[in-house]
2 protein chains.
Amino acid sequence: MNIQTPTDKKNAKRREKEQIILRAAERVFAQAGFGGATMQLIADVAGLPKANVHYYFQTKEDLYRQVVSNIFGIWLEAASAFDDAVGPVEGIGAYIDAKMEISRSHPNGSKVWASEVMHGAPFTQDYLETTLVEWTQGRLAIIQRWVDAGLMDKVDPRHLLHMIWATTQHYADFRHQINTLNGGQPLGEAQWEEAKTTIKRIILQGIGVKV
Amino acid sequence: MNIQTPTDKKNAKRREKEQIILRAAERVFAQAGFGGATMQLIADVAGLPKANVHYYFQTKEDLYRQVVSNIFGIWLEAASAFDDAVGPVEGIGAYIDAKMEISRSHPNGSKVWASEVMHGAPFTQDYLETTLVEWTQGRLAIIQRWVDAGLMDKVDPRHLLHMIWATTQHYADFRHQINTLNGGQPLGEAQWEEAKTTIKRIILQGIGVKV
DNA sequence: GTCTATATAGAGATAGAC
DNA sequence: GTCTATCTCTATATAGAC
């Protein structure tokens with residue numbers, strides 16, 4: 001049985017408050033961008049006075065970096081679906097499924113990341129140059145191995161990855177456009193399934209694996 | 001021979017100045033987002049005093065709407081490549097080529113559009129609901145005709161369009177990430193060609209047409 | 001830890017001389 | 001048409017009472 005010291009309790013409460021603020025910040029940053037977001041609005045959405053937000057996150061930039069870091073971590077986890085696979089059908093298929101699920105459940109995180117990259121990663125270039133570069137190299141090697149083993153056509157793994165990222169994240173980042181073209185309605189369960197199926201089918205058949 | 005009245009000259013000069021401001025604004029909005037962009041910076045990039053920018057475009061919003069409208073028009077033109085085609089190989093192939101060229105030549109316009117949509121199209125929902133909806137319906141009909149004629153597999157035309165938009169625009173919107181993963185270097189001529197070839201190959205083979 | 005009140009800075013926009 | 005100076009508003013951030 002765990003003994004909870006007063007410090008643990010304090011930390012737990014602190015983390016809880018931080019989570020509330022982070023969730024609110026993710027929404028506001030996604031909706032307004034870094035420049036358009038205001039600490040006041042984040043505080044309002046979190047249901048706290050503005051000064052409290054500054055108590056937990058000294059500056060707007062600190063808060064923003066945390067939000068970006070979160071979605072980045074979630075995407076890295078999705079890579080596990082990719083790694084344990086024996087071939088492209090399971091590997092790429094599962095990766096697309098995982099990325100699509102994240103686009104559905106975390107559209108705001110995806111938007112914040114997109115916005116950050118579009119503006120030249122002014123606050124998180126370090127992530128790009130270290131974590132993302134390493135992750136990508138590992139995945140490119142796996143795809144290349146599949147190509148060499150004759151499990152798929154000889155396509156440039158880099159552009160294949162870009163296609164997968166672009167398409168899956170589009171369903172989060174351009175959700176508003178997609179909904180507008182869907183008669184103003186969010187995609188329903190069946191439509192999400194159809195999206196996943198269609199994307200997997202085109203990409204897998206496109207790289208020459210039997211579906 | 002045209003006779004140029006004083007009014008024509010005035011108008012020509014006005015349009016010229018407006019173009020300079022619009023180009024500067026496109027860059028600044030792309031780099032900083034609507035909220036992060038400042039009229040001061042736009043004026044600096046355009047090489048004009050801030051008050052002059054306000055003379056030509058009364059408000060920041062007016063200027064922004066013009067910028068969005070521009071890229072929107074450029075994309076609509078790319079549709080012609082699509083329309084005159086006899087089948088998916090030429091139609092979709094030419095459309096992908098055209099969209100990729102635009103991503104290469106107008107990355108900033110693409111970013112401004114992406115940002116606008118991500119934030120829920122606060123200033124240009126009217127474009128989405130009228131022009132874009134009509135354009136899309138026309139293109140969906142063409143694809144459906146190709147499907148019905150047996151020229152391609154039976155895939156959902158909507159998701160196919162989303163894939164094409166997502167992938168081609170990714171090369172503009174996420175250019176910074178792509179460059180970082182390319183060793184910090186912009187894609188060279190050969191790499192752009194490879195990107196186009198790879199994307200067309202995967203998508204066309206993916207929808208079951210002979211390449 | 002929480003909140004009110006405020007210091008400080010920088011934005012969009014405009015008045016008015018040239 | 002152009003530019004300087006300035007008005008007004010709103011942002012981030014913090015001081016200090018509770």
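As a basis for the values below, the full set of heavy atoms in this structure was taken, side chains included, without hydrogen atoms, waters or symmetry mates. First the proteins, then the strands, lettered A, B, ... as listed; each starts at 1.
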Query raised in the report: Taking only Watson-Crick and G-U wobble pairs with both distances under 3.5 Å, what dot-bracket line describes DNA chain D, where [ ] shows pairs that cross earlier ones and | shows pairs with another strand?
Result: ||||||||||||||||||
**Report entry** side chain to side chain contact (heavy atoms under 4.5 Å, CB included) involving Phe123(B) - partner list, sequence neighbours excluded
**Finding:**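 For Phe123(B), the residues satisfying side chain to side chain contact (heavy atoms under 4.5 Å, CB included) (neighbours in sequence not counted) are Phe34(B), Glu61(B), Tyr64(B), Arg65(B), Glu116(B).
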Query - side chain to side chain contact (heavy atoms under 4.5 Å, CB included) partners for Ala43(B), two or more places apart - result: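 Checked Ala43(B) against side chain to side chain contact (heavy atoms under 4.5 Å, CB included); matches are Lys50(B), Val53(B).
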Requested in this report: Say whether Asn182(B) and Gln191(B), considering side chains only, have a donor N or O and an acceptor N or O under 3.5 Å apart.
Outcome: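 Looking only at side-chain atoms, Gln191(B) and Asn182(B) do form a donor-acceptor pair, the distance falling under 3.5 Å.
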Report task. Tell me yes or no: between the side chains of Gln66(A) and Asp62(A), is some donor less than 3.5 Å from an acceptor? Result ->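 The criterion, which ignores hydrogens and geometry beyond distance, is not satisfied for Asp62(A) and Gln66(A).
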Query raised in the report: Aromatic rings Trp135(B) and Trp165(B): how do their planes relate, parallel, tilted or perpendicular, breaks at 30° and 60°?
Result: tilted
Report task. On the 0 to 90° scale, with breaks at 30° and 60°, tag the Phe72(B)-Tyr127(B) ring pair as parallel, tilted or perpendicular. Result ->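 Because their plane-to-plane angle lies in the 30° to 60° range, the rings of Phe72(B) and Tyr127(B) count as tilted.
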Query raised in the report: Arg14(A) side chain: which of dG1(D), dG1(C), dT2(C) is closest?
Result: dG1(C)
Contacts under 3.5 Å, N or O only, protein and nucleotides 16-18 of chain D:
none

Query raised in the report: Of the residues in residues 26-36 of chain B, which ones touch DNA chain C at a heavy-atom distance under 4.0 Å?
Result: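 Going residue by residue through residues 26-36 of chain B, none turns out to have a heavy atom under 4.0 Å of DNA chain C.
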**Report entry** Strand-adjacent residues in residues 42-70 of chain B, judged by heavy atoms under 4.0 Å from DNA chain C
**Finding:** Lys50(B), Ala51(B), His54(B), Thr59(B), Lys60(B)
Are [X] and [Y] packed together at the side-chain level, in the sense that at least one heavy-atom pair is separated by less than 4.5 angstrom?
X: Thr168(A); Y: Tyr95(A); value: no
X: Leu128(A); Y: Leu181(B); value: no
X: His170(B); Y: Met163(A); value: no
X: Leu48(A); Y: Lys17(A); value: yes

Query raised in the report: Given atom CD of Gln40(A) and atom C1' of dT4(C), what is their separation to the nearest angstrom?
Result: 12 Å
**Report entry** Nucleotide dA11(D), atom C1' - distance to CE of Met39(B) in whole Å
**Finding:**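 Computing the Met39(B):CE to dA11(D):C1' distance gives 18 Å.
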Query - Heavy-atom donor-acceptor pair, Thr180(B) side chain to His176(B) backbone, under 3.5 Å - result: yes
Query raised in the report: Gln205(B) side chain to Gln205(A) main-chain N or O, any donor-acceptor pair under 3.5 Å?
Result: yes
Query raised in the report: So which of Ile203(B), Ile202(B), Thr197(B) actually passes side chain to side chain contact (heavy atoms under 4.5 Å, CB included) with Ile199(B)?
Result: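 With Ile199(B) as partner, side chain to side chain contact (heavy atoms under 4.5 Å, CB included) holds for just one option, Ile203(B).
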